[in-house]
Every structure is written in structure tokens, then in C-alpha cells.
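Worksheet for the structure shown next.
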2 protein chains.
Amino acid sequence: MPRSGRRRPITSVDVAVAAGVSQATVARCFNTPDVVAPGTRQRIEAAAERLGYVPNAIARSLKSQSTNIVGAVVPAVGEYWQNVVTCFSRCLTASGRQLLLFSFLDQADVDDTLEAVAQYRLDGLILASATIAEAQLARMRQTGLSLVAFNHPDAAGIVPSVTVDNEAGSAELARHLADLGCARVLYVGGVAAASTDRARFRGAARTLASAGATCNYMEAGAFTYEAGYKAADRVGQMDSLPDAIMVGGDEVAFGMLDGLRQYGITAPNDLLMTGFDGLPQASWAGYDLTTLVQPAEQLAEHAAELAARGLDAPSNVVPPSVVVAGTLRRGRTTRRGEEPPARPQARAGRGCGPQSRAGRG
Amino acid sequence: MPRSGRRRPITSVDVAVAAGVSQATVARCFNTPDVVAPGTRQRIEAAAERLGYVPNAIARSLKSQSTNIVGAVVPAVGEYWQNVVTCFSRCLTASGRQLLLFSFLDQADVDDTLEAVAQYRLDGLILASATIAEAQLARMRQTGLSLVAFNHPDAAGIVPSVTVDNEAGSAELARHLADLGCARVLYVGGVAAASTDRARFRGAARTLASAGATCNYMEAGAFTYEAGYKAADRVGQMDSLPDAIMVGGDEVAFGMLDGLRQYGITAPNDLLMTGFDGLPQASWAGYDLTTLVQPAEQLAEHAAELAARGLDAPSNVVPPSVVVAGTLRRGRTTRRGEEPPARPQARAGRGCGPQSRAGRG
DNA sequence: TGCAAGGATGAATACGTATACATAGAATCG
DNA sequence: CGATTCTATGTATACGTATTCATCCTTGCA
């Protein structure tokens with residue numbers, strides 16, 4: 001039995017010995033192949049292949065002072081964030097980098113997490129949360145780590161930041177509603193303290209005001225389905241319904257839609273509704289929500305790139321910030337007047353009694 | 001201006017000098033604090049704090065031959081996987097480990113990805129995909145890396161594997177339907193080639209057969225919403241509807257539900273429906289799907305632990321596998337007879353014409 | 001033919017930490 | 001008080017790679 005037990009992993013030295021060259025030449029062969037003689041290279045490659053050599057990224061990182069890894073600190077819950085994480089991963093993988101993921105449930109966990117993060121000498125770190133304290137950002141900035149705030153507009157003065165244009169996007173949704181004749185609009189935000197929430201409400205209120213419409217604010221309490229579902233109770237018990245509800249996040253809007261249905265209130269029949277984010281589910285036929293689609297791929301790409309090339313500014317220069325425009329997606333929830341197009345059977349057979357299956361085998 | 005330019009990061013040597021001790025003592029102070037004299041320890045901690053020293057995990061990993069990082073290779077799309085990734089992250093963070101995430105869109109990317117993965121000397125690697133070739137698994141096994149297959153039952157003979165009990169879970173769903181009197185059941189799978197899909201169909205078919213019911217198979221083509229939505233067309237055009245549809249994944253089921261609605265077919269009115277996975281959205285009021293809930297946290301925990309403690313088996317021992325039972329979640333989609341409880345307004349006001357807003361202010 | 005230039009490679013070192021080994025002082029005991 | 005054990009710390013080395021510098025050999029040119 002020749003191969004018993006756990007054998008020592010193959011190093012570049014092993015390859016060097018097998019190929020009859022020095023370790024330095026092996027390293028060159030993998031990093032700058034053009035400076036090594038063709039014959040030698042071939043011999044080394046053969047030896048490496050035969051031994052099953054695979055370069056040790058840890059050692060490389062130690063020497064080169066760069067890990068090729070970008071970290072991301074992301075909230076553990078929410079459809080939106082899950083979507084963003086996937087985008088990060090795709091972008092980084094595409095550019096040959098890796099993603100070290102830290103997700104946190106409680107805000108208190110973030111401190112511990114950041115401490116752990118700092119130990120790995122990451123090429124950059126993406127902080128994706130609208131609720132990280134600015135004092136903490138400033139402190140992290142000191143470590144020399146290249147930070148990027150994602151979806152946290154207020155951080156723009158402290159660290160580079162990448163966001164969708166929340167205010168303009170929300171304004172676009174508001175204008176859309178105003179054009180449809182809405183005069184009384186209710187804005188349902190997620191967390192009033194979040195900078196994204198404030199920006200979105202600002203855009204909506206400003207635009208609606210200039211169109212002569214009113215815009216009240218209601219806080220759902222979280223950017224979750226459940227929060228939206230519960231907030232629907234408050235709407236359902238109002239004396240008079242608004243013409244439209246602008247919800248600060250798609251997931252909250254889904255909850256709101258489902259919650260309102262319990263009261264017999266549906267969009268677009270009884271009121272119009274918009275969301276924000278452009279989650280995949282917004283396109284599902286079950287919701288078909290009018291929303292502002294965040295260019296997630298593009299945002300993630302910017303964040304990844306900004307994080308990877310650390311800014312060499314000495315810390316007194318104002319960091320660059322990226323604001324990308326979203327695009328309006330028009331769904332059924334603001335499609336008033338135009339009756340649901342092209343589903344004849346649906347109208348005949350839906351939900352109006354047991355005869356719905358008539359005419360079918 | 002004392003601090004211009006990019007200053008060299010602080011190392012344990014710097015701390016040692018500042019505290020008037022040797023580098024070794026500093027290292028001890030951070031790893032085995034009890035063997036260093038209290039006075040010395042205090043001096044070192046003070047110096048470290050003052051200089052802003054943070055241990056270099058890269059160097060530590062190189063020396064200790066262990067990175068404290070677990071990798072995960074996960075498909076880039078799908079609600080299910082996004083959910084699982086979050087669970088991985090939570091589990092690993094909780095045990096002081098980190099998650100290196102690799103997501104892939106195309107199966108072809110996996111090869112490249114695995115190559116990149118191998119360079120980082122991970123403590124373990126979780127392969128989360130039902131479609132990784134078994135030959136590839138065997139090859140990876142050779143590298144000495146501690147592998148765990150997640151949701152890939154067929155891999156159980158080659159590498160340790162963690163899955164929900166697909167067959168038993170599906171059987172439980174089937175029995176539920178049989179008890180409700182379903183005699184003709186249609187099983188809509190995602191990808192027929194996937195081992196999870198096969199196991200789930202097997203459990204359903206076996207149980208239904210022994211209950212005297214039939215169970216046909218239809219392939220949606222993918223585990224996605226869109227696939228389910230399209231598959232609904234084929235169902236809608238059938239001459240006679242089955243009593244129930246068992247869908248191989250929740251996301252596919254959502255698509256199926258929304259698709260069937262276009263044909264005026266709804267659950268539980270016209271047929272019953274079950275899903276599989278127990279996604280958060282299955283609990284949303286909009287779908288309220290009967291499904292088999294995978295204990296995602298628990299599965300992730302097992303996978304993380306199995307990956308972290310590399311198996312010391314020399315590669316001829318059969319690896320241990322973990323199979324966890326899921327739990328049935330009963331939703332509206334199999335709630336026949338019992339009329340939708342407690343939403344009186346809903347029945348009166350929904351979708352039957354413009355008078356729906358009557359009686360409201 | 002002799003010399004310069006350039007190309008290919010080897011030797012040596014540094015990256016920052018953990019740890020085996022050595023050592024010096026303190027404490028214990030006869 | 002000398003021998004011995006124990007505790008606290010310093011010295012030295014290894015982890016695996018990238019890179020600088022030096023060296024040798026080939027080639028071109030006068």
C-alpha cells in the first residue's frame with residue numbers, strides 16, 4: 001500500500017525538484033511564462049500536472065500583500081439582499097476575484113463581524129446596509145482597508161458609496177402616478193431612519209407636491225413582507241382610501257398587496273400601487289408590480305470595482321461616489337382603465353363560483 | 001504633516017518592540033494568554049491597542065495550515081439557493097468561521113471555479129448542486145480537501161452528503177393528498193436528471209400507487225418560476241385535469257399557480273397543489289402553499305460541521321451521510337371543503353366587477 | 001577572436017505568524 | 001544552601017511563494 005495516510009500537499013519546491021529546476025523558475029513559469037524557456041516550461045508543466053500541483057493562494061497572498069478577495073457585509077434577511085449577494089458573487093468571479101461573505105442578523109453582530117473581517121487582508125470590503133453607523137465607518141476607514149458603502153447614501157461623505165438614484169427613481173414613480181391622475185398618495189416606508197427610505201420619500205413628496213397632490217407618510221417598521229402585511233391593516237381600516245400607495249420596497253409591497261386583499265382591496269381596481277427595487281418576483285404574474293428596477297448587476301459591478309482598486313487618497317480627499325439611475329417597470333398594479341389584456345378564459349372562469357370549471361372535461 | 005502616504009501595516013514585531021518583548025511573546029499573548037505573565041500581557045495589550053495592531057490571518061493560515069474558511073459552490077439563481085447561502089453564512093459565522101462564496105450560472109463555469117477554489121487552502125468545501133458530475137467529485141476528493149455534497153443524494157457513496165429526506169418527504173405529501181381523496185395526481189418535476197427530482201418522484205409514485213392512485217410525470221425543465229409558469233400551459237390544455245399537482249419545488253409551484261390562474265384554474269378550488277422546499281414565500285398569503293419544509297438551518301449546520309472537520313478517512317472508507325427529515329406545512333392549496341376562514345370582505349369584494357368598492361368611503 | 005548585450009536560471013531573502021527548543025530566574029524541598 | 005522543578009520569555013525556524021540580484025551561457029557584432 002504505497003499511499004497510506006495523509007500525504008503532504010505538493011509545493012512548488014516539489015515540482016522544482018521533479019523538473020530539475022529551481023523553485024524560482026517554477027514560480028516564474030506560473031506567473032510570467034514568457035520569460036522561461038519553452039523547453040523548461042514544458043518540463044515544469046508536465047511535472048506539475050503529474051504531481052497534481054496547485055499553487056497556494058495563501059502563501060501568494062502573504063508575499064504579494066493582496067488576497068484577491070473582496071469581502072461583503074450584508075444583512076442576513078430579505079429578498080433584496082439575497083439578490084444583491086448573488087450579483088456581487090457573479091461580478092467578482094467574473095473578474096477573477098473571490099467573495100468572502102459575512103451576513104448578520106442583528107446590528108450588534110456587525111461589530112464582531114468587522115473585527116473578524118479586518119484580520120483577513122482583503123482587497124476591499126463592501127458594506128451593504130443602510131444602518132451602519134457613520135462613526136463606525138470613519139473608524140474602519142482608518143485601517144487602510146478599501147471600503148465601499150452600498151445602498152447607504154449618507155455614507156457618501158465618508159467612504160466611497162454606490163447607490164441607485166433613490167430620489168430620482170422615486171420621483172419617476174410619483175410622476176407616473178400623478179400622470180394617472182392620483183391626487184392623494186400614501187407613502188409606506190420601511191424604516192424611517194434609513195437614509196434610503198428618506199431619500200425615496202423625499203423624491204415622491206417633492207414631485208407629488210409640485211403636481212398638486214398630497215403625500216402622507218406611514219412607516220411599516222421593516223423592509224419585510226410581514227411588515228407590509230401588517231401595515232395593510234392600518235390602511236384597510238382607514239376611512240377613505242388613497243388613490244395610490246407608494247411602497248418603499250418591493251418585498252414590503254408584496255405584503256401590502258396580500259394584506260389588502262384580505263380587505264377586498266386590490267390594485268389596480270381600488271387603488272394603484274408601486275414598489276421599489278425591481279425584485280425578480282415583481283415580474284411574477286402573481287404580483288406584476290410597478291416598480292423602480294435597480295440595476296443590480298451594474299451597481300454590484302461598480303461596488304466590486306471600487307472596492308478592489310483601493311483608493312490611494314490619503315483620507316482627506318472626498319471619496320468618489322457612484323449614483324446609477326434605475327428604470328421604471330410598469331406592471332399591472334398601475335394599469336388602470338386598460339382591462340387585463342388577453343386572458344379571456346381568466347375573466348370567464350376566475351373565482352366567481354363553482355361553475356368556474358364548466359366547459360372543461 | 002506626520003502621517004503622509006500609506007503607512008506600513010502594524011505587525012506583531014512592531015507591537016513587540018513597543019512593549020519591549022519578543023515577537024513570540026506577542027503571539028502567545030493573543031493565542032494562549034494564560035501562559036504569559038499578567039504584567040507583560042497588559043503591556044502588550046496596551047501597545048497593540050495603541051498601535052492599532054490586528055493579527056494577520058493570512059500569515060496565521062500559512063503557518064497553521066488551516067484557513068478557518070469554508071467554501072461553498074452554489075448555483076447563482078433560484079430562491080432556494082439564496083436561502084441556503086444565507087443559512088451557510090449564519091452557521092459558519094456563528095462558529096467563528098468564514099464563508100467563501102462561489103456562485104455559478106452555467107455548469108461549465110464550475111470547472112473553472114473549482115480550480116480557483118483549490119488554490120485557497122480551505123478547511124472544507126460545500127458543493128451545493130444536484131448536477132455536479134460524480135466523476136468530478138471523485139477527482140476533487142483526491143486533492144485532500146474536505147468535501148461535502150449538499151442536496152445531492154447520489155453523491156453519498158463518493159463524498160459525505162447532506163440532504164433532506166426527499167423520498168420520505170415527498171411520500172408524506174403524497175399521503176396527505178391521498179387522504180384528501182385524490183385519485184389522479186400529476187407530478188411536475190424540475191429537471192428529470194437531477195437526483196433530488198428522481199427521489200421526490202419516487203416517493204410520490206410509490207405512496208400514491210399503494211393508495212390506489214395514479215401518478216404521471218411531467219418535466220418543467222428547470223427549478224424556476226418561469227419553467228413552472230410555462231408548464232402550466234401544458235396542464236391548462238389537458239382534456240381533463242388531475243385531482244392534484246405535486247410540484248417538485250416551491251418556486252416552480254409558484255409559477256404553476258400563477259400560470260394556471262390564466263386558465264381560470266385555481267387551487268384548492270379546481271385541483272390541489274403541493275410544493276417542495278418550504279421557501280419563505282410559501283408562507284406568504286399570496287400563495288400559502290402546502291409544501292415540505294426543508295430544515296435549512298439544520299441542514300446547513302450539518303454541512304458546515306462536516307466540511308470543517310475534514311474526514312480523516314484515507315479515502316477507502318465510506319463517508320458518513322446525513323439525511324434529515326422535513327416537515328409538512330399545510331397551506332390553503334390543499335385545504336378543500338373548509339372555506340377560506342375569516343375573510344368575509346374578501347369574498348364579497350374580490351374581482352367580480354367594478355362594484356367592489358361599494359360600501360367604502 | 002574578443003567583448004558587449006541579452007536571455008535564462010539559480011541563490012537568497014522577505015512576507016507575518018506559530019511553535020519547538022533553549023535559557024534564565026524564581027520557587028520548592030531536602 | 002545546593003539541587004530541582006516550574007514559569008516566563010527569548011531564539012530560531014518553518015509555512016510556500018514572489019522577486020531581486022547575481023551568474024552563466026548564448027549570441028551578435030566589430
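Per chain, numbering begins at 1; letters A, B, ... match sequence-line order.
B:Ala37 comes within 4.0 angstrom of sugar-phosphate atoms only, judged by non-hydrogen atoms across all strands, and of no base. Contacts of B:Val21 with the nucleic acid, taken as non-hydrogen atoms under 4.0 Å apart, involve only primed sugar atoms and P, OP1 or OP2. If you check every strand for non-hydrogen atoms under 4.0 Å, B:Val36 touches sugar and phosphate atoms only. Within 4.0 Å of B:Ser22, counting heavy atoms only, lies at least one base atom of the nucleic acid. Here B:Phe30 lies out of heavy-atom contact (under 4.0 Å) with every strand. Contacts of A:Ser64 with the nucleic acid, taken as non-hydrogen atoms under 4.0 Å apart, are absent.
The separation between A:Lys63 atom NZ and D:dT17 atom C1' is 8 Å, rounded to whole Å. If you take CZ of B:Arg28 and C1' of C:dT17, they are 13 Å apart, rounded to a whole angstrom. Rounded to a whole Å, the CZ atom of A:Arg41 is 14 Å from the C1' atom of C:dG7. Rounded to an integer number of Å, the gap from CD of B:Gln42 to C1' of D:dA8 is 16 Å. The distance from atom CG of A:Asn56 to atom C1' of D:dC15 is 9 Å, rounded to the nearest whole Å. For the pair A:Asp34 CG and C:dT9 P, the interatomic distance rounds to 12 Å; values are reported in whole Å. For A:Ile58 and C:dA14, the CD1 to P distance is 22 Å, given to the nearest whole Å. The separation between A:Leu62 atom CG and C:dG16 atom C1' is 6 Å, rounded to whole Å.
Remark: the B:Arg121 side chain and the D:dG16 base include no donor-acceptor N/O pair separated by less than 3.5 Å.
With hydrogens and angles ignored, the 3.5 Å screen pairs a side-chain donor or acceptor of A:Thr67 with a backbone N or O of A:Arg121.
The residue among A:Pro38 and A:Ala24 whose nearest nucleotide of DNA chain C is located toward the 5' end is A:Pro38.
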Next item on the list: Might you work through the side-chain contact (heavy atoms from CB on, under 4.5 Å) test for B:Ile158 and B:Leu147, ending with a clear yes or no?
Entry: CA-CA 10 Å; B:Ile158 309 170; B:Leu147 292 179; over 6 Å; no
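Distance check: B:Gln98 CD to B:Leu122 CG gives 12.0 Å after rounding to the nearest 0.5 Å. Rounding to the nearest 0.5 angstrom, the gap separating the CG atom in B:Asn151 from the OH atom in B:Tyr80 is 4.0 Å.
Residue B:Leu306 forms a side chain to side chain contact (heavy atoms under 4.5 Å, CB included) with just one option from B:Pro160, B:Ser146, B:Ser161, and that option is B:Pro160.
Taking side-chain N and O atoms only, B:Ser12 has no distance below 4.0 Å to OP1 or OP2 of C:dG16. Checking the phosphate oxygens (OP1, OP2) of D:dA18, a side-chain nitrogen or oxygen of A:Asn31 falls inside 4.0 Å. Distances shown here put every side-chain N or O of B:Thr25 at or beyond 4.0 Å from the OP1 or OP2 atom of D:dT9. Applying the 4.0 Å criterion to OP1 and OP2 of C:dT17, one finds that B:Tyr53 has a side-chain N or O inside that range. Regarding contacts with the backbone of D:dA12, every side-chain N or O of B:Gln23 stays at 4.0 angstrom or more from both OP1 and OP2.
Aromatic ring centres of B:Phe102 and B:Tyr120 lie farther apart than the 6.0 Å criterion allows.
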